Amino acid sequence: MQGAYIAIGNKRYLLKLPGNQINQQNRMEYNFRAIEKKWQQHWKETEAYRVPNESNKPKYYVLDMFPYPSGAGLHVGHPLGYIASDIYSRYKRLKGFNVLHPMGFDSFGLPAEQYALDTGQHPAVTTRNNIATFKSQLNNIGFCYDWSREVNTSEPHYYKWTQWIFLQLFDSFYNRQTRRAERISVLTTAFEKEGNKSHPCPGDPVLKFTADEWENFDTARKMDVLMNYRLSYCGYGEVNWCEALGTVLANDEVVNGVSERGSYPVVKKKLRQWYLRITEYADRLLEGLESVDFSEAMKEMQTNWIGKSSGAEIEFSITNQESGVGNKLKVYTTRPDTIFGVDFMVIAPEHELVDQIKTEEQAKAVEEYITYVKSRSERERMAEKKISGVFTGAFAENPFDGRQIPIWISEYVLAGYGTGAIMAVPCGDERDFKFAQHFNIPITNIIGSYFKGDEANPTKDAILQNSGFLNGLVMKDAIEAVIREVEKRGIGVRKTNYKMRDAAFSRQRYWGEPFPIKWIDGVAYPLDEKELPLQLPHVDSYKPGPEGEGPLANIPAWTSQHLETNTMPGYAGSSWYFLRYMDPHNKEAFCDRKASDYWGQVDVYIGGTEHAVGHLLYSRMWTKALYDLGYISHDEPFRRLINQGMIQGSSRFVYRINGTNTFVSKGLLNEDGTYSERQDKVDMLHVDVNIVDGLELDIEAFKNWRDEYKDAQFILEDGKYICEAEVEKMSKSKYNTVNPDDLVQKYGADTFRMYEMFLGPVEMSKPWDTKGIEGVHRFLKKLWRLFYDEIKGKVWTEEKATDAELKVLHKSIRQIEEATDRFSFNTGVSGFMIAVNELNDLDCHKKEMLQSLLVLLTPYAPHIAEELWQQLGNEGSVLDAPYPVFEEKYVKETSKEYPVSVNGKLRTTINISLEATPAEVEKLALENEVVQKWLEGKAPKKIIFVKGKMVNVVV
RNA sequence: GCCCAGGUGGCGGAAUUGGUAGACGCAGCAGACUCAAAAUCUGCCGUUCGCAAGAAUGUGCUGGUUCGAUUCCAGUCCUGGGCACCA
């Protein structure tokens, strides 16, 4: 950059000039570093991105899923969605909207705590540092965030309101009659009047009491009952318990039944846990999907997660001799029509009846199996292909034909779903069939020829046989018949079931929101609103507390106040942050009603599918609850959702000859992956992608990369060391992360932004490859040269544009506007490239043209657009310039080069007027030499003509 | 295992409603400019056959529907995401 070209004759020389003399010359070159710095500073000083809560413009709310500020900083995968949303926000602003486009940090979480455990650094400190890094990285890219609205979930003035919302949920229940959340006081008033007959208990379905009984409950009992209704409630749940570490582990800290750190055994342990009663909202979460613009795939994932099914809960009597007689085994089935095909029962190994019903002969086998299952994660149990299980020795009686059915336990039945017990029908269910085969359990066929004995058939169309009173009925119809009969006999009920479970809402950790709850005599009391925020206390050690409790249990000052020692999970703060952005500094409320009424729903929400069923469902539930309680006026948080794909890492590897410090270039390896005639074994080692150009290793950089490679030897091919490449997750440990800062430094933010978009559709996952960025950078330089010649200086003119030039412009307006509208930013970028190429071909430097192009470009490359906009002599910022309006008349065509096929195969093209009638087109097509050749004198059977598209002659 | 998505040149991708497959860019090759390099510009660039004209073939794989399929249907393989304490 330090220099300029001068021309002598027709030759050019690059002159080295001192820094203070280059300004005027410099302007002729695309000096992106100076330009970007200048405008970022200017926009900051003029508060160009500040968004008011009052405006006569229509509002538009564009939101990114905010990041967890990890210690590794931002890598090129993060900004993909942010760039997309930034482009869209700027586009909407140009189109005249008041656009809310905020950013913040989801700053509570496990990694900061683990880091604290390892290094003793307080999570608040590391989090603050990480946020500073993230912010500077984000600002580098030139995003138009209104930073005055930044939120950090781990700051007391934010989590005060997370705690406050928790208390609202705590003080609410879901009224199934009105289908909304209502205050607990509504419930107690009802209890006083009529007991719980109008409000069946969601936490304990068999609980029934009268007004008198309620009146006579003591306080503890009353609170206990209410706990079973609250939308946030305390119960018991299983966690991954690691005795050796004395702590509870997250699922991804457990690998194959042992802890990831140290490989200690991990077992299931029941602990007191907080939950959100999201199951009460299951139906509304389903219905709400109809009113939002999410992809079908996303809706399907959420629907499947909620997993609504209907069927029946049926009781079977247990009939074995030794014990358990008189007990009932309750199963849930969606296929009661197959009741006569039940050949065995399977109950979850942790089912409460197992202990009572197992026979003495089977006791040992059962216990051994339970020990095995305890070490298994739910994931492993579901994914297991190997069939396993143990007979309990007990039998149940089929209520319809009295058949004795053996009761088994197996890991494929989970305690948490339905009743934790199933009736197995091997002729109709594949898993049951395999189980029966494996354990040689005889199979009853109730569907005649539909079942051939080699695989189960889940049909509902068969006519039932061997099925008592159902014989002759079609299965579909039998479902209803059985449910009616079951209810008539009082041995079961019709039942709607949900796969979704209540959301576990507590963690035995330090770095999360404290619960504003005090425990007194085993009863949970909420803190008063005035006591919020309940601040996280300082700790000296992040070690777990006794008996699986969190670190807070180690603090006497905390426990002496009887405060809850659990903290809230990562998703607490993220379940409502989109509301806080609307009114981030409010000290009186989580968000002023006026602000939320103005901004309403998020119009476009951009984020990854990995949040499909977690964060998105929780936010939807919180929004619905806040709506029900009258705090906001909309009950779906996100009107439209765009899923951004993941950027994967493209890892590079070097081959080292086993036991040496010599590295062999990839192409020199034998086919079997060994080296040389001696067939030396080689090790494949990760190497930092940043010291590899494409596939070619920078050998000097490699030697400096790590001490152990200082004296490395290389066996080269064609003088180069060629690396192996593989696509993997982008992660520091794989040395495949690329820092956006480096690319911005080298090519500028505008190039970086456009290149990320140019990689492909936002929704799609793709590996990162730095190589192509040059092309986008060249494009911006080419654009610059439409304005400035490096010798002649400014080259734009005030001349009137020609028709050909106007056509280029309006074609571009159409393509780019439409691409931006449908989030197809990659084709948007290519639209700019085409426009610049064509203007270049036309040698067009007319201000009229270029100016419009700059406005189109503003959302994608704001810095260069603003600079050139100013250079052209415009007043005001390009950020608010009028968006060019497409006019059809400039792009109208009169004729088209029609593709002409014979029998569907393209043979030639003919230029035909768009006015031509079908008859004229047919005539022209048949007269065509090429068509005649392919007709070989035969008459055409048919001619298909689609106006403006194609002609096909069928022989 | 279950749910969801995606497979198109050497590479990233385009083709919006079933109508010219490969836009745009990278890499590569050839050329211009240059003492040289960089930068820039021009041309070529799916595969096979052919001097060429042209022909055949080609969107993971196997079938189907259609005048016509990357696009719709059935099956299948592979890759990625999620599966409830990573965020």
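Chain letters run A, B, ... following the sequence lines, proteins first and then strands; every chain starts at 1. The shown structure was predicted, so the numbers you read here are calculated from the model rather than taken from an experiment.
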Given the [atom1] atoms of [N] and [M], what is the spacing between them in whole Å?
| N | M | atom1 | result |
| --- | --- | --- | --- |
| A53(B) | A38(B) | P | 33 Å |
| G64(B) | U71(B) | C1' | 15 Å |
| G6(B) | U57(B) | P | 29 Å |
| C61(B) | U79(B) | C1' | 15 Å |
| G80(B) | G75(B) | C1' | 22 Å |
| G60(B) | A56(B) | P | 22 Å |
| U65(B) | A14(B) | C1' | 27 Å |
| C41(B) | U48(B) | C1' | 34 Å |

Between Glu384(A) and Leu906(A), name the one whose nearest nucleotide on RNA chain B is closer to the 5' end.
->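 Result: Glu384(A).
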
Comparing Val776(A) and Ile944(A) on RNA chain B - which has the more 5′ nearest nucleotide |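 Taking each residue's closest nucleotide, the earlier one in sequence belongs to Val776(A).
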
Would [X] and [Y] count as having a side-chain donor-acceptor pair, cut-off 3.5 Å?
| X | Y | result |
| --- | --- | --- |
| Gln114(A) | Asp118(A) | yes |
| Asn152(A) | Ser107(A) | no |
| Asn952(A) | Lys942(A) | no |
| Thr820(A) | Tyr860(A) | yes |

In whole angstrom, what separates [X]'s [atom1] from [N]'s [atom2]?
| X | N | atom1 | atom2 | answer |
| --- | --- | --- | --- | --- |
| Glu929(A) | G54(B) | CD | P | 11 Å |
| Leu935(A) | C67(B) | CG | P | 18 Å |
| Lys949(A) | U71(B) | NZ | C1' | 13 Å |
| Leu414(A) | C2(B) | CG | P | 14 Å |
| Tyr898(A) | G68(B) | OH | P | 21 Å |
| Lys905(A) | A69(B) | NZ | C1' | 14 Å |
| Met950(A) | G18(B) | CE | P | 15 Å |
| Tyr417(A) | G1(B) | OH | C1' | 16 Å |

Could you tell me whether the side chain of [X] and the main chain of [Y] form a donor-acceptor pair under 3.5 Å?
| X | Y | answer |
| --- | --- | --- |
| Glu113(A) | Tyr510(A) | yes |
| Arg507(A) | Gly109(A) | no |
| Lys947(A) | Leu914(A) | yes |
| Thr609(A) | Ala612(A) | no |
| Tyr605(A) | Ile642(A) | no |
| Asp502(A) | Ile278(A) | yes |
| Arg381(A) | Val413(A) | yes |

Any N/O donor-acceptor pair, Asn304(A) side-chain to C3(B) base, under 3.5 Å |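 No, the side chain and the base share no sub-3.5 Å donor-acceptor pair.
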
Just to be sure I understand the rule, does [X] reach a base, reach only the sugar-phosphate, or reach nothing, if contact means heavy atoms closer than 4.0 Å?
| X | value |
| --- | --- |
| Trp934(A) | sugar-phosphate |
| Lys896(A) | base |
| Asn643(A) | nothing |

Kindly label the base of G25(B) as syn or anti, based on whether its glycosidic torsion lies within 90° of 0.
->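 Nucleotide G25(B) adopts anti.
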
Under a 4.0 Å heavy-atom criterion, the protein footprint on nucleotides 82-87 of chain B, written with B, S and -, is SBBBBB

Could you work out which one of [options] sits closest to the side chain of [X]?
| X | options | value |
| --- | --- | --- |
| Arg907(A) | G25(B), A5(B), A55(B) | A55(B) |
| Gln648(A) | C24(B), G80(B), A55(B) | G80(B) |
| Ile834(A) | C41(B), G19(B), A23(B) | A23(B) |

Aromatic plane relationship, Trp274(A) with Phe515(A) - under 30° parallel, 30 to 60° tilted, over 60° perpendicular |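 Answer is parallel, since the angle falls under 30°.
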
Name the pairs: protein N/O against N/O of nucleotides 10-17 of chain B, kept only if under 3.5 Å.
residue	atom	partner	partner atom	Å
G12(B)	O2'	Leu759(A)	O	2.4
G13(B)	O5'	Leu759(A)	O	3.4
G13(B)	O3'	Asn826(A)	ND2	3.3
A14(B)	OP1	Asn826(A)	ND2	2.8
A15(B)	OP1	Arg822(A)	NH2	3.4
U16(B)	O2	Glu818(A)	OE2	2.7
U16(B)	N3	Glu818(A)	OE1	2.9
U16(B)	N3	Glu818(A)	OE2	2.5
U16(B)	O4	Glu818(A)	OE1	3.1

Count the heavy atoms of every other residue, nucleotide or ligand shown that sit under 6.0 Å from CZ of Phe134(A), and state whether that count exceeds 12.
->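 Check passes, neighbour count above 12.
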
So, are Arg778(A) and Glu774(A) salt-bridged, with charged N and O less than 4.0 Å apart?
->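 Looking at Glu774(A) together with Arg778(A), the answer is no, because their closest N to O distance does not fall below 4.0 Å.
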
Mind checking which stems touch RNA chain B? I mean at least 3 consecutive Watson-Crick or G-U pairs, both distances under 3.5 Å.
->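 Consecutive-pair runs (3 or more) involving RNA chain B: B:1-7 with B:77-83, B:10-12 with B:24-26, B:28-32 with B:40-44, B:46-49 with B:54-57, B:60-64 with B:72-76.
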
Looking only at side-chain N and O atoms, does Arg778(A) come under 4.0 Å of OP1 or OP2 in C26(B)?
->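 Yes, Arg778(A) has a side-chain N/O under 4.0 Å of OP1/OP2 on C26(B).
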
